[in-house]
Colleague: 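Got a structure here, written out as structure tokens. Questions coming.
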Amino acid sequence: MKRFLATMLFVLLLSACGSPSVPTEDAPTSPAKISGNQPETTPNQSADATVQSEPKSDESSVEETPFDKFQQGLDNAGYSYEIVPMAAELVGAISGVKYKLDFGNVEVYQFEDGSEALASAVEGGGILLEGFGTFPCDFNGNLAALIDVTENKDAILDLFNSL
């Protein structure tokens, strides 16, 4: 019961704090790209200098995030859920999302590859929230999941591990 209360307090604290941490697909464009002013090259410049423009991004080249893949898995399994952006920086992650399911909650956090926060979380067996302690979670590469559900835990864990 004590662990449950601590987990719920952790969830409330994270969901009430911070701004959305989920990256968006639309990034601002640089002024040079908007105006079309690309530097001209002369024959004396190296080949590296001629590659000044960024490759064009089209819809097919946008890579799916682990959050997108997790949501697709939840959709394919027929689960209904609500998405809540989390204040991931409080646990040292770069982004985090809570999925409120009818039968519990799943929080997924993405850490920077090789970060100290990720290494510390893996070593400690969970993510640390200052003042509240360590919350046990499952890891998959640079992802961590706090799975607090009353049913379908194995299916949710399999989905997480497939990311």
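All residue numbers refer to positions in the sequence shown, counting from 1.
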Colleague: Evaluate side chain to side chain contact (heavy atoms under 4.5 Å, CB included) for Phe67 paired with Tyr99, printing each intermediate quantity in order.
Modeller: CA-CA 10 Å; Phe67 304 103; Tyr99 302 91; 3.6 Å; yes
Colleague: Under 3.5 Å, side chain of Asn161 to main-chain N/O of Leu157, donor-acceptor pair present?
Modeller: yes
Colleague: Under the side-chain contact (heavy atoms from CB on, under 4.5 Å) test, which residues partner Val149, sequence neighbours left out?
Modeller: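 Applying side-chain contact (heavy atoms from CB on, under 4.5 Å) to Val149 gives Leu101, Phe103, Val106, Ile147, Lys153.
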Colleague: Minimum heavy-atom separation for Phe111 and Ser115, please, with both atom names.
Modeller: CB-OG, 4.1 Å
Colleague: Between Leu159 and Leu74, is there a side-chain heavy-atom distance shorter than 4.5 Å?
Modeller: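 When only atoms from C-beta onward are counted, Leu159 and Leu74 do touch, with a gap below 4.5 Å.
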Colleague: Taking the side chain from Asn142 and the backbone from Leu118, do they hold a donor-acceptor pair closer than 3.5 Å?
Modeller: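 Flag not set: sc Asn142 to bb Leu118 has no pair under 3.5 Å.
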Colleague: May I ask you to test the Glu64-Gln72 pair for a side-chain heavy-atom distance under 4.5 Å?
Modeller: yes
Colleague: Quick one: side-chain hydrogen bond (donor to acceptor under 3.5 Å, both in side chains) partners of Asn76, sequence neighbours excluded?
Modeller: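 Once residues adjacent in sequence are excluded, Asn76 has no partner under the side-chain hydrogen bond (donor to acceptor under 3.5 Å, both in side chains) criterion.
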Colleague: I need the Leu128 CG to Glu123 CD distance, nearest 0.5 Å.
Modeller: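 So the CG of Leu128 and the CD of Glu123 are separated by 12.0 Å.
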Colleague: Show your reasoning for whether side chain to side chain contact (heavy atoms under 4.5 Å, CB included) applies to Ile83 and Lys98.
Modeller: CA-CA 6 Å; Ile83 297 172; Lys98 176 170 50 172; over 6 Å; no
Colleague: Decide yes or no for Pro85 and Val97: does some side-chain heavy atom of the first lie under 4.5 Å from some side-chain heavy atom of the second?
Modeller: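 Result no, sub-4.5 Å side-chain heavy-atom pair not found.
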Colleague: Let me confirm one number: the CG-CD1 distance from Asp148 to Ile156, rounded to the nearest 0.5 Å.
Modeller: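 So the CG of Asp148 and the CD1 of Ile156 are separated by 12.0 Å.
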Colleague: Applying side chain to side chain contact (heavy atoms under 4.5 Å, CB included) to Leu163 and Phe70, what does each step give before you reach the verdict?
Modeller: CA-CA 7 Å; Leu163 302 177; Phe70 193 78; 4.0 Å; yes
Colleague: If you define the side chain from C-beta out and look only at heavy atoms, does anything of Cys137 sit under 4.5 Å from Phe139?
Modeller: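 Touching, per the 4.5 Å side-chain cut-off.
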Colleague: So, for Ala144 and Ile127, which heavy atoms are closest and what is the spacing to 0.1 Å?
Modeller: CB-CG2, 4.4 Å
Colleague: If you draw a 6.0 Å radius around CD in Glu112, do more than 12 non-hydrogen atoms from other residues or ligands fall strictly inside?
Modeller: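 12 or below, so no.
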Colleague: Side chains of Thr65 and Glu63: does their closest heavy-atom pair fall under 4.5 Å?
Modeller: no
Colleague: Going by heavy atoms in the side chains, are Leu143 and Tyr109 under 4.5 Å from each other?
Modeller: no
Colleague: Could you walk me through whether Val108 and Gln110 pass side chain to side chain contact (heavy atoms under 4.5 Å, CB included), step by step?
Modeller: CA-CA 7 Å; Val108 178; Gln110 184 175 24; over 6 Å; no
Colleague: Could you work out, with side-chain hydrogen bond (donor to acceptor under 3.5 Å, both in side chains) as the rule, every residue matching Asp75, not counting sequence neighbours?
Modeller: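 Asp75: side-chain hydrogen bond (donor to acceptor under 3.5 Å, both in side chains) contacts with Tyr81.
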Colleague: Do side-chain atoms of Ser120 reach the backbone of Ala117 as a donor and acceptor pair under 3.5 angstrom?
Modeller: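 Not at all, since once roles are kept as given, no pair shorter than 3.5 Å links the two residues.
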